[in-house]
Amino acid sequence: MWTKIIEFSIRNRLLVLAGAVGLLFWGVATGRNTPVDVYPDIDDPRVTVLTEASGYSPEEVETLVSFPVEIALNGTPGLTTLRSQSGIGLSSVTAQFEWGTDIYTARQLVGERLQLAIPLLPEGVDLPFLAPITSRLGEIYNYSLISRDSTITPVELRDVADWVVRLRFQSVPGVANVINQGGFEKQYRVSLDPSRMAKYGIAFDEVHAALSAGNRNLAGGFFVQRSREALIRGMGRVNSVSDIENTVLETHSDGFPIMVSDVADVGIAGPVQRRGAASYNGAEAVVGKIYKQPGTNTIVLSERLDEVLAEINQSLPPGMELVTSYRQADVIERSVSTIEDLLIEGAVIVIAVIFFFLFNFRSGLISLTAIPLSLLLGVIVISKLGYTLNTMTLAGLAIAIGIVVDDAIIDVENIFRRLKQHFKRGSDKTPDQVVLEASNEIRSSIVYATLIIVLVFIPLLTLQGLGGRFFTPLAVAVVVAMAASLVVALTVVPALCSL
């Protein structure tokens, strides 16, 4: 079989070389379109369930909220690990599934199981909900909303960050979640006056019920007049402080309404008490964190976010500015750039050694064809297998760069020696026959040497769990590059040598 492959390559050398050139262009195009990341995909399928229990201590959250949720999730198909964190008023339960489980299937299973936990939760606890899908390295972008004007307060910064900036970033395809930190959340406060409440005979529960019931719109059907219809609505949604003040508590016996302003002072009376703060260059700011969805191209998404940030800056109030404080894409580009430099330096060293020892320009040039063809074929296979170009796959190619050229060097050196003897001593064989025989002489050595190197990296392919997800791409890159170098040595090298 090997002899027929070599013979076919020599007889159809122009076809083989045309295929090699096409492979070069295909590999370059694939490399440009393959997603680039820092590390391989190490995201195991996990679903996080959050439950808010305002006013509960961590011990109560653990006993009354986290434990019932864990009981409901136990036994879910494919579940491997279940862990929880209980804090002040918040329960977080994380369900980790087997590698390879579809994340959307896992979320559906968890959602169905949560229905069993809802009746077990105490009254007043919010319904459990699933956190957005994120990855372990999902925090790809940080922004800071800062003030260039001393008159802008932290309350105004947080207000713009929550209702303008966050919503705009959340609409970008590929963004899983946006979280703001810092500043002060605006608070509308109703300060009740006990003396005025006693004067009108109003209790606290009545004020609370009136404020809750008054902050909503109601539908009243249609009013039909001849061929026209008019929508009837009760507009009760609160839009300002005056709307709160004019909320009716009850009607006095003489027909006059008693409103909230009669028993309380209403206004924006300071921010909500916060835990923690955020700053930018030592000044008060609102810092936002953007998380990507799994499988999203980090660099492409970061470029979109840069464009959106520039758009938001054009619409911000005077004195506010939105700046980028962290881009994971910068880390990726620096890491990949370092690996690329190593690839180039390694290639230069290999080229120098080849020309120095072969001491023949054409032989050295033929040997060097194995480097780009093997590496680009490796990039194509890596991309088709669903891997990204990351530090591990590129490191695998960097390891292989000094190995892939061995097959070609051995083949070229033997062919060059046999051709030199052929032209020196004279023979009735054609040069193509000499090339074929010379290639067959070292064919077994090339195949066995390549297989031995490949077998060294096979154990890495058997790793399971996080280690397997991390090191398998490196092994795949080396194995694919070595296999590609063998193909090049048996096809392209004999074709070029026959020329």
ask   = Should we say atom CD of E112 is surrounded by more than 12 heavy atoms from elsewhere, each under 6.0 Å from it?
value = yes
Side-chain atoms of residues 478-486: list all donor-acceptor pairs with protein atoms under 3.5 Å, sequence neighbours left out, distances to 0.1 Å.
residue, atom, partner, partner atom, Å
S485, OG, D407, OD2, 3.2
S485, OG, M482, O, 2.6

key: Flag side-chain contact, heavy atom, 4.5 Å: V487 against S374   = no
query = Heavy atoms, side chains only, cut-off 4.5 Å: are T298 and I332 in contact?
reply = yes
Could you list the donor-acceptor pairs under 3.5 angstrom formed between side-chain atoms of residues 344-351 and any protein atom two or more places apart in sequence or on another chain?
none

Show me the donor-acceptor pairs within less than 3.5 Å that the side chains of residues 87-97 make with the rest of the protein, sequence neighbours left out.
residue, atom, partner, partner atom, Å
S91, OG, S66, OG, 2.7
Q96, OE1, R46, NH2, 3.4
Q96, NE2, D44, OD2, 2.6

key: With R11 via side-chain contact (heavy atoms from CB on, under 4.5 Å) - residues at least two apart   = E7
inquiry  = Quick one, P317 and V160 - any side-chain contact, counting heavy atoms below 4.5 Å?
reply    = yes
query = Heavy atoms, side chains only, cut-off 4.5 Å: are I380 and L376 in contact?
reply = no
remark   = Sorted by chain and residue number, the side-chain contact (heavy atoms from CB on, under 4.5 Å) partners of I458 (sequence neighbours excluded) come out as V454, L455, L461
key: With I290 via side-chain contact (heavy atoms from CB on, under 4.5 Å) - residues at least two apart   = Y141, Y143, F169, V175, V178, L305
ask   = Can any side-chain N or O of N180 pair as donor or acceptor with the backbone N or O of A161 at less than 3.5 Å?
value = yes
ask   = Does the Q314 side chain pair with the main chain of E311, one donor and one acceptor, at a distance under 3.5 Å?
value = no
query = With F471, which residues qualify under ring pair (Phe, Tyr, Trp, His ring centres under 6.0 Å), at least two apart?
reply = none
remark   = Value for CD1 (I299) from CG (L301), rounded to nearest 0.5 Å, stands at 11.0 Å
message = For V308, is there any backbone N or O sitting under 3.5 Å from a side-chain donor or acceptor partner on R168?
response = no
task = Run the numbers on L397 and V379 for side-chain contact (heavy atoms from CB on, under 4.5 Å), then give the verdict.
result = CA-CA 9 Å; L397 296 178; V379 169; 4.0 Å; yes
task = Could you tell me whether Y326 atom OH has more than 12 heavy atoms of other residues or ligands within 6.0 Å of it?
result = yes
query = So do T48 and L130 actually touch side chain to side chain, heavy atoms under 4.5 Å?
reply = no
note = For residues 314-337, the salt bridge (Lys or Arg N to Asp or Glu O under 4.0 Å) pairs (sequence neighbours left out) are R148-E321, D306-R327, R327-D330
key: Point-to-point distance, once rounded to the nearest 0.5 Å, from OG of S147 to CD of E284   = 10.0 Å
task = Could you tell me whether the side chain of R113 and the main chain of N74 form a donor-acceptor pair under 3.5 Å?
result = yes
key: N12: side-chain contact (heavy atoms from CB on, under 4.5 Å) partners, not counting sequence neighbours   = F8, L15
ask   = So how far is it from E441 CD to I410 CD1, rounded to the nearest 0.5 Å?
value = 13.5 Å
query = What do the steps show when you test L73 against V49 for side-chain contact (heavy atoms from CB on, under 4.5 Å), and what is the final call?
reply = CA-CA 10 Å; L73 296 184; V49 180; 4.3 Å; yes
inquiry  = Between T51 and D126, does the side-chain contact (heavy atoms from CB on, under 4.5 Å) criterion hold? Intermediate values first, please.
reply    = CA-CA 6 Å; T51 310; D126 295 343; 5.5 Å; no
key: Residues forming a side chain to side chain donor-acceptor pair (under 3.5 Å) with R166, sequence neighbours excluded   = none
task = Look at E139 together with K292 and state whether they make a salt bridge at an N to O cut-off of under 4.0 Å.
result = no
query = Is there a donor-acceptor pair closer than 3.5 Å between any side-chain N or O of N142 and the backbone N or O of S325?
reply = no
query = Quick one: salt bridge (Lys or Arg N to Asp or Glu O under 4.0 Å) pairs with a partner in residues 98-109, sequence neighbours left out?
reply = none
key: Non-hydrogen side-chain atoms of L474 and T393 separated by less than 4.5 Å   = no
Under 3.5 Å donor-acceptor pairs involving side-chain atoms of residues 17-33, not counting sequence neighbours:
residue, atom, partner, partner atom, Å
W26, NE1, T30, OG1, 3.4
T30, OG1, W26, O, 2.8
N33, ND2, A29, O, 3.1

Atom pair CZ (R418) and CD (Q433), whose distance is rounded to the nearest 0.5 Å = 14.5 Å
request  = Can you measure from CD1 (I312) to CE (M320) and round to the nearest 0.5 angstrom?
outcome  = 13.0 Å
